[in-house]
Amino acid sequence: MPELPEVETVRRTLERQILNKTITDVKVYYERMLENCTKEDFISTLKGKTIKKIDRYGKYLIFIFDDCSLISHLRMEGKFFIKNLDAPKEKHEHIVFTLDNNISFRYHDTRKFGRMALLNTIDKAQIMKYPALAKLGKEANDETFTEQELLNKLSKKNIFIKTALLDQEIICGLGNIYVDEVCFMSKLNPFTLTKEITIKDAESILESSRIVLAKAIQAGGTTIRSYTSSLGVTGLFQLELLVHSKENEPCPVCKTPIVKTKVGGRGTYYCPRCQTLPNKKVIGITGSIATGKTTVTTYLKEKGYLVLDADEIVKEEKKPNKLIYKALINKFDRKILNSNNEIDDKKLAQFIYESEHNRQIINKIIHPIVYDVLEDEIVKAPHGLIFVSVPLMFEAHFDSLCQKIICVKTSDDVQINRLMNRNNLTLEEAKKRIDAHMTQEEKCQKSDYIIDNSKELCYTIEQVNEIIRKEE
DNA sequence: ATACAGCCCTGAATGC
DNA sequence: TGCATTCAGGGCTGTA
């Protein structure tokens, strides 16, 4: 998707190739592309006009002619091509200009999202009064854009920083890719609320924007050679991206796998370790089955800490018309329901224990829902320590939600006895349940803290308090 | 006023 | 294999 650097590269390339050329013919194949005029007006206005100047503001290209101007926004997939006159018209070429040096200048847009508008002025100030341009904020790489100005705009809103940086009225020229890069460079979690952004953050956002845009423009500017390839949008900058589209790849700073999520409907990539929420620390609690996670979480709740529990979320979202309920019905129709139209846990358990394949199917439905709910609750939580209890922390990759992880362990004997008593299982059944998951040793090895819950309660509590002291 | 869902579009990827 | 569904997303419009 063309953002400021790509559009600037297109501008520079076009400047070299079509400046001072005169339009001898215009063909419009998709009229909805034209924002403020008919096909006939568009053609008759532009025929015979010479391209005097090519400007840009943010992601908008501005073609200046003798007595009128053309504003073009490429949106997602708009591209300009320069071709020979006899090149066959391609499916997605919607506007074709013939220039007086006998070349064909074509607008190509697979998804037809791009727009053009015609203005009967060539005065820059007048052009900038066009509604779409008038409301744009300062460009992200504008040297006169001060951190205080940006902060003032941000603090008027209460939205996620990612959403704010995509808002062209706040800061202009950044798109989905560069916003992810800017957030990463500024060490900002994309879910950070604009009201929590500090003056330092604002300074960092502007500095990162300038760096990332300058680098991208430089990279894009070196790639244009061919007359037949698209102009400018095939830049090489994607090779230098730090986080965007790098899901599961190691963070270039700390090697933690990059996480993909959604913010305001936009695919968003960030490093969970480098980009934490301000004033919040998320501490995960995990451990094998029947090791005593509940002992720990109950104590934490008594002390007044917020404890989010994956199992409780599953229970809640299984209720009629909640997320897991709907997703399961969508997959299995109504055969997993009991006579009260509730999810029948026995039927579900039976299905899960039938085969590994079935277990995976269920997990693939449930885990992402729980992950999203947890993410949402963490974002909404007040400042301070937040504990998140997830039995399958590592197996289901919930560790990316946490900054530190506690593993609760106990001795094998205690674990087996507790499981047999609690779930009314035989020794063999209990062993099978335990063996189905990652071993205690492996979980402990992946964790930052280990709580030994094999002795008296006071010993366990002492260990919890020690961790709180360190993390508060 | 502010926030947000839905819309415009097509092709690639995924699901069954 | 082939058909159907889902996803990608910038900016505009309408609604609560």
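Proteins come first, then strands; the chains are lettered A, B, ... in the order of their sequence lines, and each starts at number 1. Keep in mind that the numbers below use all heavy atoms, side chains included, and drop hydrogens, waters and symmetry copies. Bear in mind that the values here come from a model prediction, so they are computed numbers and not experimental data.
The distance from atom NZ of A:K156 to atom P of B:dA1 is 13 Å, rounded to the nearest whole Å. The distance from atom CG of A:L165 to atom C1' of C:dG11 is 17 Å, rounded to the nearest whole Å. Spacing between atom CG of A:L154 and atom P of B:dT2 amounts to 14 Å, rounded to whole angstrom units. If you measure from atom CD of A:E247 to atom C1' of C:dC7, you get 13 Å, rounded to the nearest angstrom. As a whole-Å value, the separation of A:L193 CG from B:dT2 P is 16 Å. Atom C1' of nucleotide C:dG11 and atom CD1 of A:I170 are separated by 14 Å, given to the nearest angstrom. When the P atom of C:dG10 is taken as reference, atom NZ of A:K59 falls 6 Å away, rounded to whole Å. Remark: C1' of C:dG10 and CG of A:L4 are 14 Å apart, rounded to the nearest angstrom.
Residue contacts shown for A:F160 are absent, as no nucleic acid heavy atom lies under 4.0 Å away. Residue A:G267 is classed as a sugar-phosphate contact, given heavy-atom separations below 4.0 Å to backbone atoms only. Nucleic acid contact class of A:K260 (heavy atoms, under 4.0 Å, all strands): sugar-phosphate only.
In this model, the phosphate group of C:dG10 is not approached by any side-chain N or O of A:Q168 to a distance below 4.0 Å at OP1 or OP2. Of the side-chain N and O atoms in A:H73, one or more sit less than 4.0 angstrom from OP1 or OP2 of C:dG11. Listed pair A:K262 / C:dA8 meets the phosphate criterion, a side-chain N or O lying under 4.0 Å from OP1 or OP2.
Centroid-to-centroid, the aromatic rings of A:Y107 and A:F42 stay 6.0 Å apart or farther.
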What string of B, S and - do you get for nucleotides 4-16 of chain B, 5' to 3', when a contact is any protein heavy atom under 4.0 Å?
----BBBS---SS
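Between A:K39 and A:E31 no salt bridge is recorded (no basic side-chain N to carboxylate O distance below 4.0 Å).
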